[in-house]
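Just so it is clear, the model here is predicted, and its values are computed rather than measured.
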Amino acid sequence: MVIIRIALSVPVDILFDYQAEDASSHDIGLRACVPFGKKKLTGIIMAIGTETQVPIEKLKSVYCIFREINPLPPALLDLFQFCSQYYHHPLGMVIMNSLPVLLRNNKPVKLKDSAQHPLRLTDSGRRIDITTIPARNRVARRLLTEFQNATILTAQQIKQISPRTSKLLIEWKRLGWVTEKPTIETSPSKTTPIPTLTADQANAVTTVTAELERFNTWLLHGVTGSGKTEIYLRLIESALSHDKQTLVLIPEINLTPQLEAVFRARFRTVLLINLHSGLNDTQRLTGWLQAQRGEAKIILGTRLAVFTPLSRLGLIIVDEEHDSSFKQQDGLRYSARDLAIFRARKTNIPVVLGSATPSLESYFNAINGRYRYIRLASRAMQSARLPSIQYIDTRIHKSQAGLSEPLLKALEKCLANKYQSLIFINRRGYAPVLLCKSCTWSALCQRCSSRLVVHLRDKKLCCHHCGHEENFPRACPQCGNQDIAPFGQGTQRVEETLRAHFPAARILRIDRDSTRRKNAWKEILHAIHTHQVDILIGTQLLAKGHDFPNLSLVGILNADTSLYSTDFRASERLFAQLMQVSGRAGRANVAGHVLIQTEFPDHPLYHALQQHDYDTLAQALLTERKIAGFPPYVYQALLRAEAHSIKIVLNFLKQAAHLAEPTQAIELYDPVPAQLLRLKGMERAYLLIQSTSRKQLQTFLAEWYRQINTLPTRQVRWVLDVDPIEF
DNA sequence: AGCACGCCGACT
DNA sequence: GTCGGCGTGCTC
């Protein structure tokens, strides 16, 4: 009897056995549709054998095995297995949640042949003169133009040009203008000039390229503007020359288009796909299949892309590796960066972690020699120097609505010189608090233990944690006094103040509220680049990765709040963020100045920032962490739990703690309520476990996880968070 | 996660 | 007497 073992998306960490007479060992990694209770589910075949522990009468037969697409490769199944074990999350859920939605259905995928393959313009196609096509044949002209621009077009791209192209393409295929054959041509485009490398860059490229055939974790540490992207491009080129795929992981969606454009411009003749959250189900599946078949040579994507099957993977790049969005913060709490390293090791290929401000974990590994460390000391463009950073002591310089006199003066001067400036304040809305002046009342969220943020623009109070909105009250609900007022500054208020102060200036606010609209980002970037804006006001959305060539002045408000935070990672994050924002100034042809308003101008973090001295600060922070016994000197895990009442949560955590059998190597702390106690109507708490040995921590967690699963979990939702980065 | 089974309160 | 509340436990 042939037994197949299937991983299903159910929250129990076991495989389910089924009878399947027609299965063979080639079917491992394929999808199978099976009866499950009263339901029908589709899962992945993990093993095939002739034996089972399940009583024969319980054993059911598979409905069918889907063979229309290739099985998931063993290396990817290894990654899932590791992920499931390391993060203590059921294997079936790990696998099924990583797959495109269309592969989770109880249906075979059906894609039209034309939809499956990208088309490449052949040399004879390239020689076609557009004017030989009648002008009224607009679709044909558009399509040919697009092909001659891009050489390769995916099915989606073609569909976007016009939905009625299939007849045309059949004809063109017959004529030999286009072909489905993926090319292995790697010569970069002749039209985009390729910059010469600095000595630093050249050295980095040579060093990594020399070891392209084996696993290494490279930390590529270079200040903003030191030209990391160019290094990525060269490495990808090397990978391409061996006909290998490159997986490029990037933090979040906003900077994708920019990076994508750079990559496409350089590699016009290879298929590049972008796997981001904005895709619909069909687009995602199409890209996924192209990656699996090895047709897509460059796979650009956010954290989920780390699970893409890649038959010819030769290189992984994790850009902005310090970015916390590589860690998923709900459900399966995985770190895409760490999984990328695991994947590279298993595939025996290099993984390059790039950052201007590496995470302390990576830096620690680099100086210890666990990672290979590559340092880019200089900015690539000689004209672009590092910005000068100065502090405005807000104890001396009083401010009006959060803006100090020296900063306003600097803005004025910048305006007069027709340069752009940027005010960075990481707080959207008008004001963070609504206060009653006669009693102590302030507007609170009903579902979270947080204050409601004033959004004067739409006359609403908003909770930035749960999204709750309510109308602006006319009077204090507690004492009836009408004297209620916004307190503190947010982007909207800064915008208002600056508009009043510089009525002639063109001011643009950039935060989640102003970029929510579709295409808003595109329009904003266009406005900035064509110099239709004088002053930008923005949150951290602005900090990431964009080049603003005319930007000369950066003003930073309200940075102090993270200086003395209870979160031991706050300084690290603040520094990275301020480095990033500062780096916006003075990129191309303009000298950059950064003015930071602070009450603590002598703080070591600010000193380090002023000197552009990552190392001194990193060393200091590492010393602190060593003394305090924090990561990277210890490994941590959290048991997180939530319920309607904190009593239930704490009680559950206490029970869980009671079950634990810690060894000497494991430290188990008392349960503590979360910083933000209530979130979306749930009260939360966690329990910290730590150890100096990752291995022992894992052994402990595995056993403990099994034990916790036996607890009655009435109304409690819980997860293990391994290597947590938020508390 | 679903979904059924099961054992106690308020209804035609 | 039953309808239905959601606590408990199983799914190959």
Could you check how far [atom1] of [X] sits from [atom2] of [N], rounded to whole Å?
| X | N | atom1 | atom2 | answer |
| --- | --- | --- | --- | --- |
| D330(A) | dA1(B) | CG | C1' | 16 Å |
| N709(A) | dC10(C) | CG | P | 14 Å |
| L41(A) | dC10(C) | CG | C1' | 14 Å |
| I4(A) | dC12(C) | CD1 | C1' | 11 Å |
| E57(A) | dC12(C) | CD | C1' | 11 Å |
| L15(A) | dT11(C) | CG | P | 15 Å |
| H89(A) | dA1(B) | NE2 | C1' | 11 Å |
| M93(A) | dA1(B) | CE | C1' | 7 Å |

Polar-atom pairs under 3.5 Å, protein N or O versus N or O of nucleotides 2-7 of chain B: list them with distances, or write none.
none

Between R67(A) and D22(A), does at least one N-O distance fall below 4.0 Å, as a salt bridge requires?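 So R67(A) pairs with D22(A) through a salt bridge.
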
With rounding to the nearest 0.5 angstrom, report the CD to OG distance, E321(A) to S359(A).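 With rounding to 0.5 Å, CD (E321(A)) is 3.5 Å from OG (S359(A)).
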
So what does V12(A) touch, heavy atoms closer than 4.0 Å: a base, only the sugar-phosphate, or nothing?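 Base contact.
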
Under 4.0 Å between any heavy atoms, over every strand shown, what does P35(A) touch: base, sugar-phosphate, or nothing? Just pick one.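 Counting heavy atoms under 4.0 Å across all strands, the contact made by P35(A) is with sugar-phosphate only.
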
Between dA1(B), dC12(C), dG7(C), which nucleotide has the shortest distance from any of its atoms to the side chain of Q715(A)?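 Taking heavy atoms from C-beta onward, the closest nucleotide is dG7(C).
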
Would you say the ring centroid of F342(A) lies under 6.0 angstrom from that of Y334(A)?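 No - the distance between ring centres of F342(A) and Y334(A) does not fall below the 6.0 Å cut-off.
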
Is the shortest side-chain heavy-atom distance between V62(A) and I6(A) below 4.5 Å?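 Yes - at least one pair of side-chain heavy atoms lies under 4.5 Å apart.
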
[X] atom [atom1], over 12 foreign heavy atoms within 6.0 Å:
| X | atom1 | result |
| --- | --- | --- |
| E68(A) | CD | yes |
| R678(A) | CZ | yes |
| K327(A) | NZ | yes |

